[in-house]
Amino acid sequence: MNLSARKRRERKAVLSVAGAEVGPAGEEQEEEVAPAQEAEPADGGAKSGEAEDSADGANLEQLSQCLIQPPTQHPYFLLLLGCDKQDFVIYVMTRRRHVFGRRPQPDKGGYVDTFLCAPDILPRHCCVREAEPAPGPALVRPFRGAAVTLNGGALVREAELHPGDLLGLGQHFLFMYKDPRTPSPGRQDAFQAYVESREPELRYRPQEEEALLREIIRLQGATAFNLAPAFLLGLCLEHSTRVLEPSHFPRLVARMAQLVKEAVWEKIKEVGDRQPENQQDKGQVGALSIEEVAADLRPLMLWMANAMELLNLVQKKVLDLEKELDLEGSSHDALLSSDLETCDEAMAVLDEVIMSTFQQSVYYLTKTLYSALPALLDSNPFTATADLSHAQELSTMPEGIRGTLAIYQATLELTRECELHPDLVSQTFGYLFFFSNASLFNTLMERGTGGPFYQWAKAVQIRTNLDLVLDWLQGVGLGDIAAEFFRKLSTTANLLCIPKTSLVKVRGACRGRCDHSASGEWGTGPVPSKGHQLPSGPRVGTGWLGGRGVAGNVPL
C-alpha cells in the first residue's frame, strides 16, 4: 500500500488510463486532454490544482489496491463471488493447512485461517491442505454438515483441488484456487492422465448399490480371480469415501458384512447336506474322499480368504475415520462415534464369518484325518513297495502314511488355490497337527497296554513313519509348525525306541540313587556322572531314531 516515489511520479499516466475508461457522463476522455489542462490561465491554476490533487488522492487510493500483485510463492484463493463489500479479493494460503470458517465463539472450535461472514458458513467450514510432497494438487475436505461445492458439484468427501478449480462455500462465496508454483493442466491433459492410469476405479449411482453388491456376492467362485469379491467390494468402499456423504460409509460396510454372512451361511448348509450321515435315506454311502471334501470346502475357504481381506480394508478405513474424529474436534463427536460403532459391529460380523468358515473347514478335515491316522501306528514302512530315498514324492511313500499326507497335501493346495491369508494358513495347519498329535497319542495310550506298541521293533516303525511325515512337512514349508505340535508324540516315540536292556540298567541306577537318597548315604553307591547319557538306539537312514522332538540329535 505504500507507493514508492517512482509510482507517485507515474500516477498521472495511471489516472489518464483510468480516465479514458470512465469519464464524465460516461464518455471516453482522450489522453490529449492533459496538455490542454496545462494551458489554463494562471489565475485559476491554484484552485484547479487543489481540486486535481484531491481527486488524484481519492482515485490513487482505490487504484493502489487494484494494483496489488498476487503472490508468487504461495497458493491463494481468488474471490469471484462474495457476501460483503469488505471481503478481500485474494486470500493467501500461508500454512500447509488452510481452514475457512466463521469467527467461532470463545472456547469453541479450532483455529481458522480465513473468516467469512455469511449465515450458512459454519465455524469450521472447509479445510484445504497442500500436497505432500509439493508441488502437486491440493486436497480439499468439507467439515461435517458444511455446504461445499467443487466445480459446481457437491463435495462431501476429501478430493483433489487443482489450480483453476472453483470452490464454493455455502450460497454466497465462490473462489478460484490458484497455485503459481505449478502450471495448470488443461482438461485434455487431465483426461489423458485418467485414461492412461492403471489404478482401478469403480463408479456407480447410489440407487444401483444394492444390485451391484448382490452381483458381486453372486460372482463368488465364478471367476478365475479368487479374491474378486473382496477386491470389488473394496472399490465400492473407495467410491463411497471419495464421492458419497460420510454417513453412507458405515451403512455400506454393514450391508456388505450382512450379505457376506448370508452367502456363507448358505454354503455351510449346502456342505452339511452333502455329508454321508445326512444321506442315509438315499442308500448306502461311504465316507467322502479327501478330493470330495476339498471340493466341498472350496467355497468356504474362498469366503474365508475374501472376508479376511475385506476385514483388513475396513479396518484401514476405520483408522481414517478415527483420524477424522481427532481432526473434527468436539463438536461432532456424537456423529462420528456412531459411525465408528456401526463399523465395529460390521467388523464383528466379518470376524464371525471368518471364525465360522475356519471351524467348518477344520471340522471336515479332521473328520477325514480321524480315519487315516491309525495307519501311521499300524503300518510297517520297511516294505518292498516303499522307496524312502524319494521321501518328497507322495506316490513313493509307505502306504500307511500316504493317506495322512494326502490330506495334508490337499489342504495345502486348497489354501494356496484360495489365496488364504498366511496367518489363516498357519492356524489351519496348527489345528490339524494338534488334532493329529492328540489323536495318535491317545490311540497309543489306549491300545498300548498289552499290545504290540511297547515293543522295540514296533516303536522303530512308528518312529520311522513319524520321521517321514515330518520330513515331508518340512519340505513343503510346514516343518516349524509340525515340530511344535507333534512334540508330545515325537517324545513318546523316542522313549519307546530305547532298548529294554538300556531301560533296565537306567532303572536300576535310578533305584539305587533313590535308595541312597532315602538313607542319606550318597557316597556309598554308584552315582551316575553329571555327563551320563542313556545308551543310544538304532539308526534309520542318516538320522537317529531319537532325533525328533525335544531331544534334538541326541538320543534320549
Side-chain angles (χ1 to χ4, degrees), residues 200 202 209-241 248-272 293-321 339-366 410-432:
L202 178 61
E209 184 174 85
E210 180 66 20
L212 176 61
L213 295 180
R214 290 187 174 276
E215 182 66 16
I216 292 174
I217 299 298
R218 189 187 65 83
L219 289 177
Q220 171 65 288
T223 174
F225 184 25
N226 294 318
L227 298 180
F231 177 75
L232 295 175
L233 293 176
L235 292 182
C236 293
L237 294 177
E238 291 290 341
H239 176 77
S240 174
T241 56
H248 181 80
F249 175 78
R251 298 197 302 268
L252 176 60
V253 174
R255 186 56 182 157
M256 287 180 178
Q258 185 62 31
L259 289 176
V260 171
K261 179 180 178 180
E262 293 174 359
V264 169
W265 260 234
E266 185 65 26
K267 292 297 181 182
I268 291 177
K269 185 177 181 300
E270 292 178 2
V271 173
V293 172
D296 287 342
L297 294 182
R298 186 176 183 275
L300 298 183
M301 284 273 191
L302 286 174
W303 275 122
M304 191 195 311
N306 280 273
M308 185 69 174
E309 298 298 327
L310 183 59
L311 179 60
N312 289 336
L313 292 174
V314 174
Q315 286 176 338
K316 181 178 181 300
K317 294 298 181 183
V318 169
L319 290 178
D320 295 339
L321 274 179
D339 292 347
L340 291 174
E341 184 177 351
T342 302
C343 292
D344 288 340
E345 293 174 356
M347 288 190 291
V349 173
L350 291 176
D351 199 24
E352 181 184 359
V353 168
I354 296 172
M355 182 60 66
S356 299
T357 51
F358 176 82
Q359 291 176 343
Q360 292 294 316
S361 298
V362 298
Y363 168 74
Y364 291 113
L365 289 172
T366 53
T411 305
L412 182 61
E413 292 175 353
L414 184 61
T415 58
R416 291 174 176 174
E417 178 186 352
C418 297
E419 302 180 53
L420 200 62
H421 193 278
D423 291 344
L424 290 177
V425 174
S426 299
Q427 292 184 26
T428 299
F429 277 98
Y431 195 94
L432 294 182

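Side chains are part of it too, since the values below use all heavy atoms of this structure and drop only hydrogens, waters and symmetry mates. Quick caveat, the model's predicted, so the values are computed rather than measured.
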Heavy-atom side-chain contact between [X] and [Y] under 4.5 Å:
{"X": "Leu252", "Y": "Leu213", "value": "yes"}
{"X": "Ile217", "Y": "Met256", "value": "no"}
{"X": "Asp344", "Y": "Met347", "value": "yes"}
{"X": "Glu238", "Y": "Leu202", "value": "no"}
{"X": "Trp303", "Y": "Ile354", "value": "no"}
{"X": "Glu419", "Y": "Glu309", "value": "no"}

I'd like to know if the side chain of [X] reaches the main chain of [Y], judged simply by a donor and an acceptor atom lying under 3.5 Å from each other, with no hydrogens or angles considered.
{"X": "Asn306", "Y": "Ala230", "answer": "yes"}
{"X": "Ser240", "Y": "Cys236", "answer": "no"}
{"X": "Asn226", "Y": "Glu417", "answer": "yes"}
{"X": "Asp320", "Y": "Gln315", "answer": "no"}

Checklist entry - Does the pair Glu215/Arg218 count as a salt bridge with the N-to-O cut at 4.0 Å? => result yes
Checklist entry - Can we say Glu210 and Arg255 salt-bridge, meaning some charged N sits less than 4.0 Å from an Asp/Glu carboxylate O? => result yes
Distance (rounded to the nearest 0.5 Å) between [X] [atom1] and [Y] [atom2]:
{"X": "Met355", "Y": "Met304", "atom1": "CE", "atom2": "CE", "value": "10.0 Å"}
{"X": "Gln220", "Y": "Leu227", "atom1": "CD", "atom2": "CG", "value": "8.5 Å"}
{"X": "Leu420", "Y": "Met308", "atom1": "CG", "atom2": "CE", "value": "8.5 Å"}
{"X": "Glu345", "Y": "Leu340", "atom1": "CD", "atom2": "CG", "value": "11.5 Å"}
{"X": "Ile268", "Y": "Gln360", "atom1": "CD1", "atom2": "CD", "value": "4.5 Å"}
{"X": "Leu232", "Y": "Leu219", "atom1": "CG", "atom2": "CG", "value": "7.5 Å"}

Checklist entry - So does Glu352 have more than 12 non-hydrogen atoms from other groups sitting under 6.0 Å from CD? => result yes
Item to check | Full working for side chain to side chain contact (heavy atoms under 4.5 Å, CB included) between Thr415 and Leu424 | outcome: CA-CA 9 Å; Thr415 58; Leu424 290 177; over 6 Å; no
Identify the heavy atoms of [X] and [Y] that sit nearest to each other, and give their distance.
{"X": "Leu432", "Y": "Leu365", "answer": "CD2-CB, 3.8 Å"}
{"X": "Cys418", "Y": "Ala305", "answer": "O-CB, 3.4 Å"}
{"X": "Ala257", "Y": "Ala346", "answer": "CB-O, 3.6 Å"}
{"X": "Leu313", "Y": "Gly234", "answer": "CD1-CA, 3.7 Å"}

Checklist entry - Regarding Lys269 and the six-membered ring of Trp265, is the cationic atom NZ or CZ under 6.0 Å from the ring centre and inside 45° of its axis? => result no
Next on the checklist: Working note: Thr342 + Val253, criterion side chain to side chain contact (heavy atoms under 4.5 Å, CB included); need CA distance, chi angles, decisive distance, verdict.
Outcome noted: CA-CA 8 Å; Thr342 302; Val253 174; over 6 Å; no
Checklist entry - Taking it one step at a time, do Tyr364 and Leu297 satisfy side chain to side chain contact (heavy atoms under 4.5 Å, CB included)? => result CA-CA 8 Å; Tyr364 291 113; Leu297 294 182; 3.8 Å; yes
Item to check | Candidate pair Tyr431 and Thr366, rule side chain to side chain contact (heavy atoms under 4.5 Å, CB included), full reasoning | outcome: CA-CA 9 Å; Tyr431 195 94; Thr366 53; 4.1 Å; yes
